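Structure first, commentary second.
First the proteins, then the strands, lettered A, B, ... as listed; each starts at 1. Computed from a prediction, not measured in an experiment: that's the story for all the values here.
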Amino acid sequence: MDTSKPAIFVNGALLPMHVRKRVRTVIQVVGADRGAIVGKSPDDLQLVVKGSPPSAPLSNFVEVIGIADSEKSIQAEIWTNFGEVFDTHSYNQLCQLANGEYQHLFL
Amino acid sequence: MFSSSQFDATSAFSGGGFMPSQSTQLTDSTPSPAKSRNSLGVVPVTVKQISQASQSGDEKSSFVINGVDVTNVTVVGMVFDKAEKSTDVSFLIDDGTGRIGCRRWVTENFDKLEMEAVQDGMYVRVIGHLRVFQDVKQLVAFSVRPVTNFDEITFHFIDCIHSHLQNPKLQGGASTHPHMVESSMNTPVQNGQTITSNLMSKQFDVDGLRDCDQLVLDRLQQSSSIGQEKGMHMDELCQQLKLPMEKIRESIRSLEDEGLIYSTIDEFHYKAT
């Protein structure tokens, strides 16, 4: 049992609070820019995801888990395709709850 | 859902040498006198919550999470280090809050087939018992199902928060409804609105149904004022107000009793008087 490496649920607004920490979020892929993937966070802010995406093509929504290396970018270690349709509104609310009063259930 | 139709208690337990005690029955059987109504069936938890769980008294098979006895839990996370052996399959589940070891005894063909579909890096929903083995907490899984609709991940964590809020201790000893908790947790939600409506309904519990009634009445009065002859369908009210159907039904019943609304073309359409 190991709880030493949690990945914190973040959206665009919460990412700056967790720079240099392990985070997770779901982005809607917008495009690519200089080898990195540009996407929209669950709260509609732009995020850049660096790292090596899997060889399979990325779906519309992708979950990335990795280290936040700046207020607007993540160095992703794990990429998971979340399909063409995803409820970003609920995910965004989950991010707020998981960082707010229910943090103790997650971190 | 899958718990009652696919799970065969005797075969799953006979291979692993675990005897199902009354408290570990998934379906809501009458609790034994020693166990209070705190045994809630399958409880959605995060690995972090499991790590904080303490063992309950003399019952080695039971744990206490947030003051509630818990045996069967459900966790949603990513599979790592899957290892297949002749009698069992072991793997790690990482849900973002921590990692826990899981073991699935493979005695029936069904178990074998289900585990073959599980691969490293895949998101799965695991349902199983919490056990301690050599001081390390483990999950003995009896259901491992790949996640296909990823809203299920969001749902699971919100469900953990919801279940945490349902905790009788938090409600100051008020009786919770184990049936309500069970029914809401085993259904992966397709529509995001249902998740938030479950959370929102918590706010209305404090003031009773009156807030809800007022919302329904306001909406119906609004619809009358814009000339909707047939009134509104209950489903529309449910969608627009983002409230659970049971609350809408209860509000409609009490508003109808008060004579503030009436049904129009059928029993699902209502209009304000």
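- Using a distance-only test at 3.5 Å, with no hydrogens or angles considered, no donor-acceptor pair links the side chain of B/Ser90 to the main chain of B/Cys102.
- Neither the backbone nor the side chain of B/Gln138 comes within less than 4.5 Å of any heavy atom of chain A.
- Looking only at distances, a side-chain donor or acceptor of B/Lys82 sits under 3.5 Å from a matching main-chain atom of B/Met115.
- Checked by atom type and distance alone, the side chain of B/Asp151 pairs as donor or acceptor with a backbone atom of A/Asp87 at under 3.5 Å.
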Could you please spell out the steps behind the side-chain contact (heavy atoms from CB on, under 4.5 Å) verdict for B/Arg104 and B/Glu114?
CA-CA 10 Å; B/Arg104 174 84 186 271; B/Glu114 200 176 76; 2.6 Å; yes

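- B/Leu92 does not touch chain A: none of its heavy atoms, backbone or side chain, sits under 4.5 Å away.
- With contacts defined as side-chain heavy-atom distances shorter than 4.5 Å, the pair B/Tyr123/B/Glu152 does not qualify.
- Heavy atoms closer than 4.5 Å to chain A are found in the side chain of B/Met78, but not in its backbone.
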Before giving the answer on side-chain contact (heavy atoms from CB on, under 4.5 Å), spell out for B/Leu139 and B/Leu130 the whole-Å C-alpha distance, their side-chain angles and the decisive distance to 0.1 Å.
CA-CA 5 Å; B/Leu139 253 188; B/Leu130 272 179; 4.3 Å; yes

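- Counting heavy atoms from C-beta outward, B/Thr97 and A/Thr3 have side chains that stay 4.5 Å or more apart.
- Using non-hydrogen atoms only and a strict 4.5 Å limit, the part of residues 6-34 of chain A facing chain B consists of A/Pro6, A/Ala7, A/Phe9, A/Arg24.
- The side-chain heavy atoms of B/Val43 and B/Asn72, taken from C-beta on, include no pair separated by under 4.5 Å.
- Judged purely by atom type and a 3.5 angstrom limit, B/Gln239 has no side-chain atom pairing as donor or acceptor with the backbone of B/Glu236.
- Both the backbone and the side chain of A/Tyr91 come within contact range of chain B, with heavy atoms under 4.5 Å apart.
- Contact annotation for residues 38-67 of chain A against chain B (heavy-atom separation below 4.5 Å, listed by residue number): A/Glu63, A/Ile65.
- In terms of heavy-atom proximity, B/Lys137 sits nearest to B/Ile100 at O-CG1, 3.7 Å.
- Residues A/Asn92 and A/Gln96 have side chains in contact (heavy-atom distance under 4.5 Å, counting atoms from C-beta outward).
- For B/Met245, the side chain to side chain contact (heavy atoms under 4.5 Å, CB included) criterion is met by B/Met234, B/Asp235, B/Cys238, B/Ile248, B/Arg249, not counting sequence neighbours.
- Below 30°, between 30° and 60°, or above 60°: for A/Phe106 and B/Phe157 the angle between ring planes is between 30° and 60°, a tilted geometry.
- Without hydrogens or angle criteria, A/Glu101 side chain to A/Ala98 main chain gives no donor-acceptor distance under 3.5 Å.
- The parts of B/Val47 that come within reach of chain A are both its backbone and its side chain, each placing non-hydrogen atoms under 4.5 angstrom from that chain.
- Interface remark: A/Leu105 contributes backbone and side-chain atoms alike to the contact with chain B (heavy atom separation under 4.5 Å).
- Residues of residues 72-83 of chain A having a heavy atom under 4.5 Å from any heavy atom of chain B, listed by number: A/Ile78, A/Thr80, A/Asn81, A/Phe82.
- Annotation: side chain of B/Gln240 is in contact with side chain of B/Met232 (closest heavy-atom distance under 4.5 Å).
- Using a 4.5 Å heavy-atom threshold, the side chains of A/Phe86 and B/Thr154 count as touching.
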